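The structure under discussion appears below in the form of structure tokens.
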Amino acid sequence: EEFSSKLLGRAEHGWLYSDVLFGFTGTDNGEALPESIPSAPGTLPHFIEEPDDAYIIKSNPIALRCKARPAMQIFFKCNGEWVHQNEHVSEESLDESSGLKVREVFINVTRQQVEDFHGPEDYWCQCVAWSHLGTSKSRKASVRIAYLRKNFEQDPQGREVPIEGMIVLHCRPPEGVPAAEVEWLKNEEPIDSEQDENIDTRADHNLIIRQARLSDSGNYTCMAANIVAKRRSLSATVVVYVNGGWSSWTEWSACNVRCGRGWQKRSRTCTNPAPLNGGAFCEGMSVQKITCTSLCPVDGSWEVWSEWSVCSPECEHLRIRECTAPPPRNGGKFCEGLSQESENCTDGLCILDKKPLHEIKPQSIENASDIALYSGLGAAVVAVAVLVIGVTLYRRSQSDYGVDVIDSSALTGGFQTFNFKTVRQGNSLLLNSAMQPDLTVSRTYSGPICLQDPLDKELMTESSLFNPLSDIKVKVQSSFMVSLGVSERAEYHGKNHSRTFPHGNNHSFSTMHPRNKTPYIQNLSSLPTRTELRTTGVFGHLGGRLVMPNTGVSLLIPHGAIPEENSWEIYMSINQGEPSLQSDGSEVLLSPEVTCGPPDMIVTTPFALTIPHCADVSSEHWNIHLKKRTQQGKWEEVMSVEDESTSCYCLLDPFACHVLLDSFGTYALTGEPITDCAVKQLKVAVFGCMSCNSLDYNLRVYCVDNTPCAFQEVVSDERHQGGQLLEEPKLLHFKGNTFSLQISVLDIPPFLWRIKPFTACQEVPFSRVWCSNRQPLHCAFSLERYTPTTTQLSCKICIRQLKGHEQILQVQTSILESERETITFFTQEDSTFPAQTGPKAFKIPYSIRQRICATFDTPNAKGKDWQMLAQKNSINRNLSYFATQSSPSAVILNLWEARHQHDGDLDSLACALEEIGRTHTKLSNISESQLDEADFNYSRQNGL
């Protein structure tokens, strides 16, 4: 009643409702504003403008507006609570048409207010307007903080689809408020689905192309945007490919022989349509042959002479013969000689010019006969000489190449077919040139010829790809096919050269023309080659470590192995030329040939030699041997890794073999696969460089044995050629299952780059990869830019073995050297200090070594002696070797030093000593802090 009286009283005097309202709301007791106020007769307020839903962008406040008539006052109520009068801004006007009072009010809502609100629903506000008749409420307007997350919930994925196939690219935009709207871009241009009925972008943000066309190939990007931000998805490359189709057969050719049994052929081309954008090549044969028989030419032969005719008035009679026995047929030669003869028929009695006719012999006739005779003889001599010279030159040119190339274009093509006969005996994993070929067994490989060195491809038959086959004939039958096989009929036998072409040097040769092949080969053979890597160091009684930088090969000379007051210059080298170890049967070389010396040096304690290998170690699939070269140059087996021996010890780790030896020499590891599951570890890498043509870019993919020295040779070659490593090398497990290796280039940006036809996929025979330790195997791909402005290249290199494993190399690079990111070839962990002498070469300090040896060399009744020290350090095999040593513990520690040169600290040894030493009082003074200090000193001295 008090409130109503005050309201009516003030209304009669024309006072504002705000004076009354905030006289109550502003009191200390905090009473709520009443929902309705008694009003004078009139009209209820009508909202001309109600507050709309709003979003707060970043930290910017938003304004909520409200307008009503007739309205004497308007206030906002947010989340059930009245907004203070001071936060309102109001404007009052008069509606000229109706004469009613119009009031407009707005307030600001900040981000902090919305964040501080915690309720079951969104932050909301509404207006309450008063008139003489009563109150009216507006709609509730929600206020939310706008955002858009960065990551798409689902990015579109690239697709390869056949022409007229359906393409569906899925896109789920990032979470956001308000929900993001999606737009699709193709090659950075917006897609308008209303103008192209073949494209639909309305189905849940997805892009659907009902029937793919060649023009639909491109890079597609999903764009998501709301009032806060825009987001781009990863681009998806869509390639619309066309599978090849055969054209019609041509007419049969003429028979290839003039006489007897021959063949006719007809051909067709894969051009109806031609494969595009990586589409499949046509299946089936491009050439068909059938046998044919041609009539042989028959040379004519003379019949017998006829009887002499009657003597003529000139004292002569005639006789004739015909060329009818048989007559010439089918293009045969006509009979040689005269068809008639004449002679004097009176035995000289008939007189001409008072002389017997047979005595008349003019001198001119005799001279003419002599000239004809001598001219014929001279022409015959010249013809024979020309024939001999031609045959000699032909055989010499053939012996230089060992190949008869009819169409050289096939050597630069993509897929070719190799047919060659392999030996039936022995293990099928190798081709052995020492065995006689079995002409009843053949194997076909489809793929290009991958050269070992980046030399002229015309020298391909000199590479070791063909070395295992002694009798080879190459015929290029078309521009897409090469047939290589053991000749059943010895048309030509290639030479078995005792030398191989040099590799690993700088091939700075001028262009070779076909007419000058022989001098080129001679110059090539005289070029200097890298035959070995070598390092030396002088060692004494304190011992030390000799490291071959970046090869994984090292030599550990223990303390005391060299007598006091003596010193030796010890060397170590790696053979980089043709391996002197020739594999027997199915045996393959798994490591480099490592030589250490001098050979006449005698050590009192076994030294440790570390040799890297490329086998995936498993006793179930491999039988691995250590071999040594004798002074006569022959190789003999020292031991099998799994055998028990007291002469040496082999510890096989996943990537290296640590050998304890007492004599210097040349050593290597070989492996004999027991099953098809035997695996060689290959390192695959891709290098790139610009071609002579400014638009071309060359990719060279290498597959080499996973040994550091093998990859170092590749790196050295690429540095000479200006190549750059484009991706970190990866490991590929290559099975001994006789299946070949495929190397292909994928996801080339179709509108920026192109690859030469038929070269996107290349295939390498199994034997070439399995025996790849002789020379680095690589395949080359040539890419071409459409325009010089293209400087970025992105693609994938897929290296996979059929029915085996695969690896993907992701190439993302700039072809400009100034923009290219350099990838380090090698770490520098062992290249700074190739020779280390004295205590700094060992991780375990000599004083601690002495205490360990004194503790464990003494047999222990509880078995806590050197045998347990070996077992705790994962040395569980061939313990009889250590029993023959004067200090087994010292030899075990030497093996531990060789094994943990880079990849470990003293923690593993400390744990082993702690576990064993709980009952050994002698070990109590070897604390963990001492081992930590020793490990720190070793790292500091060696720059690690």
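In this text the structure is predicted, and so the values were computed from the model without any measurement.
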Problem - Basic-acidic side-chain contact under 4.0 Å: E183, K230 - result: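 Judged by the 4.0 Å cut-off on N to carboxylate O distance, E183 and K230 do not form a salt bridge.
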Exercise for the section: Taking only Lys NZ, Arg NE, NH1 and NH2, and the carboxylate oxygens of Asp or Glu, determine whether K735 and D676 approach each other closer than 4.0 Å. Expected result: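 Salt bridge absent between K735 and D676.
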Donor-acceptor pair between [X] and [Y] side chains, under 3.5 angstrom:
X	Y	value
S286	S267	no
Q721	D717	no
S814	T791	no

Which pair of non-hydrogen atoms, one from [X] and one from [Y], has the smallest distance, and what is that distance?
X	Y	result
L809	E728	CD2-O, 4.0 Å
A212	P162	CB-O, 3.9 Å
D696	M690	O-CE, 3.8 Å
I74	R103	CD1-O, 3.2 Å
V701	V686	CG2-CG2, 4.2 Å

Output yes when a side-chain donor or acceptor of [X] lies under 3.5 Å from a complementary backbone atom of [Y], and no otherwise.
X	Y	value
Q762	A780	yes
S247	N272	no
E50	R139	yes
R111	K58	yes
N79	W124	yes

Could you label the plane-to-plane angle of the [X] and [Y] rings as parallel, tilted or perpendicular, counting under 30° as parallel and over 60° as perpendicular?
X	Y	result
W753	Y697	perpendicular
H88	F76	tilted
F766	F734	parallel
W246	F281	perpendicular

Practice task
Evaluate whether atom CD of E121 has more than 12 neighbouring non-hydrogen atoms of other residues, nucleotides or ligands under 6.0 angstrom away.
Solution key: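 Counting neighbours around CD of E121, more than 12 heavy atoms of other residues, nucleotides or ligands fall under 6.0 Å, so yes.
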Exercise for the section: Decide if atom CD of E81 counts as having more than 12 heavy atoms of other residues, nucleotides or ligands within a radius under 6.0 Å. Expected result: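 Result for CD/E81: open.
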Exercise for the section: Evaluate the criterion side-chain hydrogen bond (donor to acceptor under 3.5 Å, both in side chains) for residue pair S233 and T221; output intermediate values, then yes/no. Expected result: CA-CA 6 Å; S233 70; T221 307; 5.5 Å; no
Handout entry: Aromatic F106 / basic R65 pairing, under 6.0 angstrom, 45° off normal
Key =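 Output yes; distance and angle both within limits.
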